[in-house]
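Reviewing the structure listed below.
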There are 2 protein chains.
Amino acid sequence: MLVPPRAGLTTEIVVETAMKIADKEGIAQLTLFRIAEELGVKSPSLYEHVDGIEGLIKLLRLRGLKIMAREFQRAVIGVSGDEAIRRFADSFRSFVKEHPSLYSLTVESDIEDDEEIRAVAGEILDTIYAVLRIYGLSGEKLIHATRYMRSAIHGFVSLEISGGFGLEVSPDESFDLIKEVIVSNMKNWL
Amino acid sequence: MLVPPRAGLTTEIVVETAMKIADKEGIAQLTLFRIAEELGVKSPSLYEHVDGIEGLIKLLRLRGLKIMAREFQRAVIGVSGDEAIRRFADSFRSFVKEHPSLYSLTVESDIEDDEEIRAVAGEILDTIYAVLRIYGLSGEKLIHATRYMRSAIHGFVSLEISGGFGLEVSPDESFDLIKEVIVSNMKNWL
DNA sequence: TGTTTTACCTAACTACATTAGGATATAACC
DNA sequence: GGTTATATCCTAATGTAGTTAGGTAAAACA
């Protein structure tokens, strides 16, 4: 049959499709109508698989955090110290460039009560902690240093994807410098 | 008359009201209907004063940038060097806490073709340049250093307002440390 | 004072999210 | 294999928001 009587959707397929639309066409284009069209069904049918647009966005947020957690862990496996920081920063930036909309969703956590989301976010934090503990950081110092590193990297990539930097001067070079600044700050944290 | 026949609106009043709603109730509540209700008119009437929701948001973005430009300039008047950096950072954070929604609008510039917006954004950059030139920075070094400082401060405050930090460890203390890290980095920029 | 302009209105249209209820393919079971 | 049950899809209809068209009366002006 050219048009199968059932599309054979799953929550997984809907989330995957939503992710592609969000990252390729922007978050504004992410409507149930648009997703349904892409999947060859009508928008009310999606309610069988996701809990409305709100529920879908929660799933996207979780998906984004899971990908980040995985990529960050892979990035720092087998390395430590300065090189681990550089690889973490690079994998962070790569993720954001590949999934700009997904990333923006992961930031808008808004007092997240979802247990699973909290767990994956905790995994990401643990990866950072593992990297920074090599520098002798622990306790509150570790927390402050982590906040600093997250701020600098998140700040850079979020300004970058929203077009906040001019392009006459190379953003790659700026990012390289920022990585080195972070590295040197960790070597003798206040 | 209890109900005046004309509300006597101006673009200014509409923008001001929109700003209050956005910052107090969140960007999601910022609808023409909500603004009209607040002003005692019907939503189509707003089209006399602003160019739809899109035009209103552009005005809000401009308004946000103008306030920022003014506050940052005032913050660093009469001081220079380390203290100027600290005051800039503090006024940045204060603005974002007071106008979280307005701030988020200023970040989503998206290849802004608006000449006025570009001009005000340039003013803000000039203030930062003026502060950092004291450290002997110029040319590309100045650009890189500026990007670093913006990234760290923007990163911190945007993570902070979106609830990205736990509260067991004081965010104020983290921010104080970040300011000192930035100061020391400027003293011997790479 | 008469005329024009402006600021508001109602009515109506579009887009999107959502719910209710129905049809049938697919799966489960006998 | 035939019957039943469930799940997946549908159409129809509702609510909210943005927007446009066109009307009316207040305000500005000459």
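Proteins come first, then strands; the chains are lettered A, B, ... in the order of their sequence lines, and each starts at number 1.
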What pairs of nitrogen or oxygen atoms, one from the protein and one from nucleotides 6-8 of chain D, lie under 3.5 Å apart?
{"residue": "D/dT8", "atom": "O4'", "partner": "A/Arg6", "partner atom": "NH1", "Å": "2.9"}
{"residue": "D/dT8", "atom": "O2", "partner": "A/Arg6", "partner atom": "NH2", "Å": "3.3"}

Quiz item: Which residues in residues 18-29 of chain A have at least one heavy atom lying under 4.0 Å from any atom of DNA chain D?
Solution: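 Residues of residues 18-29 of chain A under 4.0 Å from DNA chain D: none.
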
Measuring from [X]:[atom1] to [Y]:[atom2], what's the distance to the nearest 0.5 Å?
X        : Y        : atom1 : atom2 : result
B/Ile128 : B/Ile153 : CD1   : CD1   : 7.5 Å
B/Met19  : B/Ile21  : CE    : CD1   : 12.0 Å
B/Leu142 : B/Arg147 : CG    : CZ    : 11.0 Å

Quiz item: Any idea which heavy atoms bring B/Gly8 and B/Ile13 closest together, and the distance?
Solution: O-CD1, 3.7 Å

Quiz item: At their closest point, which heavy atom of B/Ser104 faces which heavy atom of B/Ile27, and how far apart are they?
Solution: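 Nearest pair, atom of B/Ser104 first, then B/Ile27: OG-CD1, 4.5 Å.
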
Quiz item: Can you name the side chain to side chain contact (heavy atoms under 4.5 Å, CB included) partners of B/Ser80, sequence neighbours left out?
Solution: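 Counting only residues at least two positions away or on another chain, B/Ser80 forms a side chain to side chain contact (heavy atoms under 4.5 Å, CB included) with B/Ile134.
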
Quiz prompt | SB check B/Arg63 B/Glu16 (cutoff 4.0 Å) | solution =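 Yes, B/Arg63 and B/Glu16 are salt-bridged.
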
Quiz prompt | Sidechain N-carboxylate O distance under 4.0 Å for B/Lys179, B/Asp176 | solution = yes

Practice problem: Could you tell me the separation between the NZ atom of B/Lys42 and the C1' atom of C/dA11, rounded to a whole number of Å? | Solution: 13 Å

Please tabulate, for the side chains in residues 163-170 of chain A, all donor-acceptor contacts under 3.5 angstrom to protein atoms that are two or more places apart in sequence or on a different chain.
{"residue": "A/Ser170", "atom": "OG", "partner": "A/Asp172", "partner atom": "N", "Å": "3.2"}
{"residue": "A/Ser170", "atom": "OG", "partner": "A/Glu173", "partner atom": "N", "Å": "3.0"}

Self-check item: Summary of protein contacts for nucleotides 14-19 of chain D, nucleotide by nucleotide, where a base hit scores B, a sugar-phosphate-only hit scores S (4.0 Å, heavy atoms)
Solution: ---SSB

Quiz prompt | Residues that A/Glu180 engages under side chain to side chain donor-acceptor pair (under 3.5 Å), provided they are two or more places apart | solution =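 Side chain to side chain donor-acceptor pair (under 3.5 Å) list for A/Glu180, sorted by chain: A/Arg86.
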
